[in-house]
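Taking it in order: structure first as structure tokens, then the write-up.
None of these values were measured; they are calculated from a predicted model. The basis for the numbers below is simple: all heavy atoms, side chains too, and nothing from hydrogens, waters or symmetry mates.
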Amino acid sequence: MQVSYYPGCSLEGTAADYAASIAAVAPLVGVELVELEDWNCCGASAAHSINHELAVALPGRNLALARQRGLDVVVPCALCFNRLKAAEKEEAQGGREAARRVKIWDLLDFLTQETFLTQVSRRLAKPLTGLKAVAFYGCLSARPPQITDKQDWENPTAMDRLLEALGAEALDWSYKTDCCGAGLAVARPDIIDTLVGRLYERALAAGAECFVVSCQMCQANLDLTQSRISEKAGKRYYLPVLYFTELLGLALGHPEAAGWLARHLVDPRPLLTAKGLW
Amino acid sequence: MDRLTTGELIPATALPARLLAHFSVPPSVCYQCRKCSAGCPLTFAMDLLPDTVIRLALLGQEETLLRCRTIWVCASCVTCTTRCPNGIDIAGVMDWLKEEALRRGVEGPQPEVATFHRYFLDSIRKGGGRLSETALMQRYTLFQLRRRPNLKELLRQLKLGWELFRRRRLRLFGPPALKGRQEIRAIFQKAGA
Ligand code: SF4
Ligand code: SF4
Ligand code: SF4
């Protein structure tokens, strides 16, 4: 099955690990990702915060490219997904209905469709037995439903269902869609320390050994900051932050999984070794 | 943090008129249930609660709103907008106020956030359509150093850069040249950015 793929800027840079795991995992479930030719940055928080016109026009160009190509478009970054959807809604509101419609998918939703989940659970090379994880969905893949068209924005379950299919234990917790504050990570790191510190504590209280995420900003914000937050709090947090695609690759026995995991700052390998998953 | 309240205020009308026109659900339908503030994860860093922002906007209190910290520390998590029983886009109002503050050249209490956003957009424009994370971080780090030299913070940044670099996660060259770069330039020009 062919779909358009909009990686977004950080997957070309700091989230190269996420990009690698996505590229490796998609073919395993029979998906061919065709990178949207000549795509541009969606403008992210910067555009929607200080220039509304850009915040619609930049993703608008990508939407036009996707329509030209005529394939549904899959987006790994929660913010890019949200901006593309917002541009689509704003067009529709302005009465500019597109002649050719393509569906904009959040990568997590796309890869956890029933047909893929069934395929995956049948082909597990290494079930993730004994791994206790909390799924962290973040803000923008789900909210606001008027933009995202999601049904389960307060309690999404796609990642939990995937984890169960992979044999891991997806723990229940109330902070699935809480904000990690990624947009302020650079300008107000002190705020991140509070928000993310709270997520660590809540994850531990739920009995988690790691986070599983589907957004590279959430990943960076929970992972790159962990040593700083530990230092400030006088604690030694060890909570690896894994992409769901990495776990998918690991469970399906992809030979390159070790390479992706080695690129995180909080090294997940000791945890996986202790669980006999390595 | 000390918070302002609506208190004894004299309503003004210019700002509310423009604000109401911008949103499909006019913020004037707010009945002050404060659900937006109850669910907001950032209130600990705010000087005005989100429901107060809506109230003050309707009362036309431009001076207070355009100078407040709240609009800049709002993380755009959109919990408020999602949960408002009246469908008011509170997060959108925050964005609208940020843009208005910059348009009027109001110097707010949180210039770091505005600067970061501005550099971010500059970087897309200069890069011809895609962001260069490395260039953005270099420029922002220099800005911070000039304002408030902090050796410990600089070392932390450099160490992080190194950690990413050795994991092949830092891109040293700019983004690829896009075929649509003229089109992108036109988009930026039209938007005045
Ligand atoms: S959780 Fe954090 S990174 Fe993820 S979408 Fe929300 S603000 Fe962005
Ligand atoms: S949730 Fe909506 S109606 Fe309630 S106070 Fe906030 S803006 Fe007003
Ligand atoms: S969008 Fe801003 S104001 Fe609304 S809940 Fe999130 S942080 Fe609070």
Between B/Ala91, B/Pro111, B/Gly128, B/Pro41, the one whose heavy-atom pairs under 4.5 Å with chain A are most numerous: B/Pro41
Part of A/Ser10 within contact of chain B (heavy atom distance under 4.5 Å): both
A/Asn82 vs A/Cys77 side-chain heavy atoms within contact, under 4.5 Å: no
Part of A/Leu265 lying under 4.5 Å from any heavy atom of chain B: both
A/Glu201 side chain vs A/Gly197 backbone, donor-acceptor pair below 3.5 Å: no
Under 4.5 Å from a heavy atom of chain B, the part of A/Arg228 involved: both
B/Gln144 (side chain) donor-acceptor with B/Pro149 (main chain) under 3.5 angstrom: no
Interface residue of largest heavy-atom contact number with chain A, from B/Ala191, B/Gly39, B/Gly129, under 4.5 Å: B/Ala191
Aromatic centroids of B/Phe116 and B/Tyr119 separated by under 6.0 Å: no
Options B/Glu100, B/Lys98, B/Glu133, ranked by heavy-atom pairs under 4.5 Å with chain A, top entry: B/Glu133
Residue part contacting chain B, namely of A/Arg61, when any heavy atom lies under 4.5 Å: side chain
Heavy-atom pair count under 4.5 Å with chain A, highest-scoring of B/Lys190, B/Gln157, B/Arg181: B/Lys190
Contact winner vs chain A - B/Leu102, B/Asp89, B/Val73, B/Ile71, heavy-atom pairs under 4.5 Å: B/Val73
Exam field: side chain A/Tyr18 to backbone A/Ser214, donor-acceptor pair closer than 3.5 Å: yes
Region of A/Ala142 in contact with chain B, defined by heavy-atom distances below 4.5 Å: neither
Over-ring placement of B/Arg130 relative to A/Trp39, 6.0 Å and 45° cut-offs: yes
Side chain, backbone, both or neither of B/Leu131 within contact of chain A (heavy atoms, under 4.5 Å): both
